[in-house]
Structures are given as C-alpha cells and as structure tokens.
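Below you'll find the structure, written out as structure tokens, and then a few comments.
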Amino acid sequence: MNRKTISFSILSGKGGVGKSNLALNICYALHQLGRKVLLIDCDMGLANMDVLLGIAPEKHVQDILISNQNPADILVPFGPSSSKGSLDLLPANSGMAEFAELDDGARGMLRDKLNPLASNYDFVCMDIGAGISPTVLGFSSMTTLRLVVVTPEPTSLTDSYALIKVLSARHNVQDFYIIVNQVESQSETKKTYSRLSAVCKRFLGFAPEFLCEVRSDRGLIEAVRKQRPLMEIAPRSPAALDCMTAAEKLEHLRKDLLIVGEIDAPLRSVAVHN
Ligand SMILES: Nc1ncnc2c1ncn2[C@@H]1O[C@H](COP(=O)(O)OP(=O)(O)OP(=O)(O)O)[C@@H](O)[C@H]1O
Ligand SMILES: [Mg+2]
C-alpha cells in the first residue's frame, strides 16, 4: 500500500481557463513547501507545458506507449538547480492527433508504467485537457483528488457543472475541489463558487469543496510571455500568492489522507458506470 503519494488532476469544462498555468505554479509552490512533485502533461493532443517552461524536450510521455521508454528517462527537472529530482515534468508532445484520445487499454498501460515512478513523489499532478472526452474523464478519475478550474464566466460554470456531473455519475468520483480563477474581487469568487455548489447540491446531491481563488494578474500573462513560472519570476504577485495558498491547502489534505490511510496506488484504476 502506498502511504506517501497524493495525486491530483487539474481539469475544466471550458478550455483556456488557466489549468496549465495553475498546474505549473501550484507544483512549484508545493516544491517550495519542501515536497517532491511530479507534473505530468496529460493534454496529449495540445500539450504545452514545455512551452510554458521554454524547453524543448527530446522525449515525451507518448514515447512510453510508442517505444516502451522508461518514464524515468523522460523526466525534465524544472525547479531551481538545487532541487534536482524533486520537481520534475513528464512532458508531452503536442500535435500528435493519434494520441489526443487514448482508449482504456492505452490509458491503463500508461497508468501501470507511471505508478512505480509516481510513488517516489509526495504529489503527482496531471494537467488535463478541457472538456468531457473519455480521455479527460479517464485521466481525471485516476487521481486521488480533482481540482476543477472555473472562471466567473457563465459558460465556464455550466461546462464545469457538466464535467462534475459526468464524472460523478459515470466514474463514481466525488472528491472535487474548486479553484475560481481570474477573479477581480472576493465577492466575485464567492458568487461563482456558490452558484456552482448550489447547482451541484440540488441536482447531484453533493457540493464540491472550495479550494481557493486565484486573482487576475498581469504578472501571469508576463510569465507566459517569458516562458517561466510566475512563482519563479514574481513570487509575491497576487496569483503566485494564491497558488501558494492552494499548495498549503493541498498539503493539509495530504496530511489528512495519510492519517486515515485512504491512499492506494498514486494513480488508480478506473471503474466506469455506463
Ligand atoms: N489568474 C490569471 N490572471 C491573468 N491571466 C490569466 C490567469 N489565469 C489564466 N490566464 C490567462 O489565460 C491563458 C490561458 O491559460 P492556460 O493555458 O493555463 O489555460 P488552460 O486551461 O490550460 O487552457 P487549455 O484548455 O487550452 O489547456 C494564459 O495564457 C493567461 O493569459
Ligand atoms: Mg492547458
């Protein structure tokens, strides 16, 4: 039994809401808290974690399936140089249409090959594509927790509700934590979360937990342009501080889960209820 690793996926109904940037910066923040962190780019069709980091890796997560590469040989450390081996990326190759959708067998094979590596880390984060495709649902069901990124836009809210509904009904998972991103005020955060949680409670019978807000921050746009994590270039900026809050909450959740001993393999097998 694995007594160490918590995995979480970062997902959203609507695209372009900030998943990849939050994944990157929350992982960076967890590492600053002293944790060993593995970030996996699971947006196999339109991967872009390499772009956010300004790197051009030679090997990619798809090579595990194509040529049976050892996942450990694909790792790219991306933290401060002193942190080698404790903040690592498994990058994916973008534009490989045949990998945009993986079937159950391929996802299961990937999971089995990733688990031994994943269990060396305290946290494993999967950055997942938007929407409700079988690949999105399959990957996000593998993780211990799911962080759903929403923005105050009504379309983001309705799409996130649809995602939570399908995941809870078909994959029997309920551990959802909401991040309200790109907010201008606390009242906007409150309103956005209350709307989503009310509709979930009414139609699904449960409410997702609130994880944190992430403020709208020009610094993040600048970090994307510079191809560096915001946590590295502006750690005191509003969105960076919010990512640290997210990391601290995840650290608490990890401690709680370790105490009750509920964690099995870092990435678990998925039961689909049709
Ligand atoms: N807190 C924020 N403040 C300002 N801009 C933001 C913030 N979060 C996200 N953005 C903007 O949104 C853009 C898209 O972010 P990102 O690529 O992380 O989204 P995504 O959800 O991963 O997209 P996709 O669904 O295509 O994978 C960023 O490049 C940035 O311009
Ligand atoms: Mg993304």
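It should be emphasised that the depicted structure is a prediction, and the values quoted were computed from it without experimental measurement.
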Do [X] and [Y] sit in the same hydrophobic cluster, where Ile, Leu, Val, Met, Phe, Trp and Tyr count as joined when their side-chain heavy atoms come under 4.5 Å apart?
| X | Y | value |
| --- | --- | --- |
| I221 | I179 | no |
| V51 | M126 | no |
| V166 | L157 | yes |
| I64 | I66 | yes |
| V214 | I233 | no |

Using a 3.5 Å distance criterion without hydrogens, assess whether the side chain of [X] forms a donor-acceptor pair with backbone atoms of [Y].
| X | Y | answer |
| --- | --- | --- |
| S7 | L267 | no |
| N25 | N21 | yes |
| S168 | V173 | no |
| T143 | F139 | no |
| D175 | L145 | no |
| E188 | V183 | no |
| D43 | N48 | no |
| T135 | L102 | yes |
| N115 | D112 | no |
| Y28 | F78 | no |

State which residue, out of E213, E184, R215, fulfils the side chain to side chain donor-acceptor pair (under 3.5 Å) condition with T189.
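Answer after filtering E213, E184, R215: E213.
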Taking 4.0 angstrom as the limit, do D122 and K36 come out as a salt bridge?
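No, no charged N to carboxylate O under 4.0 Å.
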Can you tell whether the side chains of R218 and E222 come within less than 4.0 Å, N to carboxylate O?
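Answer for the salt bridge query: no.
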Quick check for you: to the nearest 0.5 Å, what is the distance between [X] atom [atom1] and [Y] atom [atom2]?
| X | Y | atom1 | atom2 | answer |
| --- | --- | --- | --- | --- |
| D73 | D63 | CG | CG | 10.5 Å |
| L53 | Q227 | CG | CD | 9.0 Å |
| L258 | I6 | CG | CD1 | 5.5 Å |
| Q69 | I74 | CD | CD1 | 5.5 Å |
| L89 | L52 | CG | CG | 10.0 Å |
| S197 | K190 | OG | NZ | 12.0 Å |

So, [X] versus [Y]: side-chain donor-acceptor pair below 3.5 Å or not?
| X | Y | answer |
| --- | --- | --- |
| Q182 | T151 | no |
| S185 | S187 | yes |
| S12 | K19 | yes |
| S140 | S9 | no |
| T5 | S119 | no |

Residue pair [X] / [Y]: nearest heavy atoms and the distance that separates them:
| X | Y | result |
| --- | --- | --- |
| V76 | P57 | CG2-CB, 4.2 Å |
| C212 | T245 | CB-CG2, 4.4 Å |
| S141 | H171 | OG-ND1, 3.0 Å |
| T144 | P266 | OG1-O, 4.2 Å |
| D217 | A240 | OD2-N, 4.4 Å |
| M142 | R107 | CE-O, 3.6 Å |

Quick check: are there more than 12 heavy atoms from other residues, nucleotides or ligands sitting under 6.0 Å from [atom1] of [X]?
| X | atom1 | answer |
| --- | --- | --- |
| Q186 | CD | no |
| R195 | CZ | no |
| L253 | CG | yes |
| K249 | NZ | yes |

Side chain proximity check, [X] to [Y], heavy atoms < 4.5 angstrom:
| X | Y | answer |
| --- | --- | --- |
| L110 | M44 | yes |
| I132 | L163 | yes |
| C42 | D127 | no |
| L114 | I40 | yes |
| L196 | T192 | no |
| F8 | I26 | yes |
| L39 | D88 | no |
| S160 | V150 | yes |

Given M49 and L24, is the side-chain contact (heavy atoms from CB on, under 4.5 Å) satisfied, shown in steps?
CA-CA 8 Å; M49 210 50 89; L24 180 63; 4.0 Å; yes
What's the verdict on side-chain contact (heavy atoms from CB on, under 4.5 Å) for L117 and L38, showing C-alpha distance, side-chain angles and the deciding distance?
CA-CA 9 Å; L117 174 74; L38 174 64; 4.1 Å; yes
Kindly indicate, with the supporting measurements, whether the criterion side-chain contact (heavy atoms from CB on, under 4.5 Å) is fulfilled by V149 and I10.
CA-CA 7 Å; V149 181; I10 303 210; 3.7 Å; yes
Please say whether the positively charged group of R254, taken as NZ for Lys or CZ for Arg, lies over the ring of F123, i.e. under 6.0 angstrom from the six-membered ring centre and within 45 degrees of the axis.
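Yes; both conditions hold, so R254 lies above the ring face of F123.
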Just do the side chain to side chain donor-acceptor pair (under 3.5 Å) check on N120 and K4 with the steps written out, would you?
CA-CA 8 Å; N120 296 330; K4 183 175 146 92; over 6 Å; no
Under the criterion side-chain contact (heavy atoms from CB on, under 4.5 Å), I'd like the reasoning laid out for I178 against I164: C-alpha separation, chi angles, the key distance, then a yes or no.
CA-CA 11 Å; I178 304 299; I164 292 171; 4.1 Å; yes
